[in-house]
Amino acid sequence: MVELGVINYLMRPDIYDMLLRRVNHIQDHMITIKTALCKNATRVMLLGSGELGKEIAIECQRMGIEVISVDRYSNAPAMHVSHRQHVIDMLNAKELERCIILEQPNFIVPEIESINTATLIKLEKHGYCIVPSAYAVHTTMNRKLVRNLTSKILNIPTSEYQFASNYQEVKKNIKNIGYPCIIKPIMSSSGKGQSFVKNESEISTAWEKSQKYGRVKHQEVIIEKYIPFDFEFTLLVVNSIDGIHFCLPIGHFQENGDYKESWQPQKMSADALKEAKNISKKIISQLGGYGVFGVEFFAYKKKIIFSEISPRPHDTGM
């Protein structure tokens with residue numbers, strides 16, 4: 001009876017038409033993976049070749065994709081399992097563009113933050129495929145752009161924050177935020193340049209650290225009000241041709257901005273998970289592009305507060 005009911009359901013004209021449209025849509029977007037190291041090989045270029053990039057390289061190798069790893073130093077982890085490698089300064093627009101044009105990759109996967117994203121935007125306009133998209137990469141690698149998108153445009157709950165471009169502005173704006181607070185460069189990776197500030201005597205050291213370890217010199221910082229959250233977690237979100245999909249939430253623990261451990265699934269209420277999914281969907285729909293996003297949240301007094309987003313699985317999402 002169950003099987004007969006399913007058949008009758010699928011044979012309904014409206015359901016049949018919907019399924020047919022979806023199958024046709026997927027077929028239109030399918031690609032043929034061509035043999036690595038041959039003339040028409042399908043090539044993936046990794047911009048950043050660390051431990052996370054190595055996992056991507058291994059999966060590409062299993063699929064028969066030609067892998068080109070790029071980083072600022074030789075013998076990076078992903079280079080151990082790649083067909084070719086390049087050592088360049090990825091913040092240098094000319095070096096980055098020359099490397100991409102030389103290799104002609106079908107897909108370009110930015111794996112770290114230290115990349116000249118303006119070059120990616122330029123090359124995407126010339127037909128190169130940036131994963132998930134050049135706009136998504138450019139936006140998510142800059143905390144100021146992320147906060148403008150989430151807080152101002154999409155009205156998504158975040159911690160209280162202000163920006164500062166010099167030491168005097170930091171001292172002034174901390175008075176508005178209050179102690180304790182967190183100071184971060186607007187562009188950095190893996191917690192580099194981040195400080196937890198408990199009082200005025202720690203401001204100077206925090207400012208110097210932000211300028212030393214930020215992605216670029218003389219950059220702005222974001223000052224965030226500290227949230228004594230109950231727990232923090234990441235949602236891995238896949239944006240694909242057939243919609244947005246979610247993995248189970250991943251709980252994680254960080255210390256001084258550095259990732260320590262994670263577990264899956266993170267226990268939470270159905271309402272909290274639903275809210276996190278709704279927020280993620282809003283942001284990713286705005287960013288666009290197909291790929292895997294890591295969306296980080298704080299859970300605080302039954303509230304879900306957006307923290308950060310990366311255009312790939314971050315340390316906390318692995």
Where is the tightest heavy-atom contact between [X] and [Y], given as atom of each residue plus distance?
X	Y	result
T119	A93	OG1-CB, 3.3 Å
H252	I250	CD2-O, 3.5 Å
P105	I100	CD-O, 3.3 Å

- line: Sorted by chain and number, sequence neighbours left out, side-chain contact (heavy atoms from CB on, under 4.5 Å) with A118 holds for N116
- request: Using side-chain contact (heavy atoms from CB on, under 4.5 Å) as the criterion, list what pairs up with T205, not counting sequence neighbours.
  value: none
For R143, the option from E113, E308, E220, E224 that meets salt bridge (charged side-chain N to carboxylate O under 4.0 Å, His left out): E308
field: Q219 backbone acceptor or donor facing Q211 side chain under 3.5 Å
entry: yes
message: Please check: side-chain N/O of S310 versus main-chain N/O of R312, any donor-acceptor pairing under 3.5 Å?
response: yes
task: Identify, with sequence neighbours excluded, every residue that meets salt bridge (Lys or Arg N to Asp or Glu O under 4.0 Å) alongside E97.
output: K122
- prompt: Can you name the salt bridge (Lys or Arg N to Asp or Glu O under 4.0 Å) partners of E208, sequence neighbours left out?
  reply: none
query: Taking the six-membered ring for Trp, are the ring centroids of Y300 and F229 within less than 6.0 Å of each other?
result: no
message: Strictly by ring pair (Phe, Tyr, Trp, His ring centres under 6.0 Å), give each pair with a member in residues 134-166 just once, sequence neighbours left out.
response: Y161-F163
- request: For the residue pair P249 and F233, establish whether any side-chain heavy-atom pair is separated by less than 4.5 Å.
  value: yes
message: Quick one, H86 and L102 - any side-chain contact, counting heavy atoms below 4.5 Å?
response: yes
Kindly list each side-chain donor-acceptor pair under 3.5 angstrom involving residues 269-283, sequence neighbours excluded, with atom names and distances?
from: S269; atom 1: OG; to: A272; atom 2: N; distance (Å): 3.1
from: N278; atom 1: ND2; to: K274; atom 2: O; distance (Å): 3.3
from: S280; atom 1: OG; to: A276; atom 2: O; distance (Å): 2.8

query: With no hydrogens and no angle check, do the side chains of Q104 and Y128 hold a donor and an acceptor under 3.5 Å apart?
result: yes
L46/I68 under side-chain contact (heavy atoms from CB on, under 4.5 Å): CA gap, chis, key distance, verdict: CA-CA 6 Å; L46 300 175; I68 304 108; over 6 Å; no
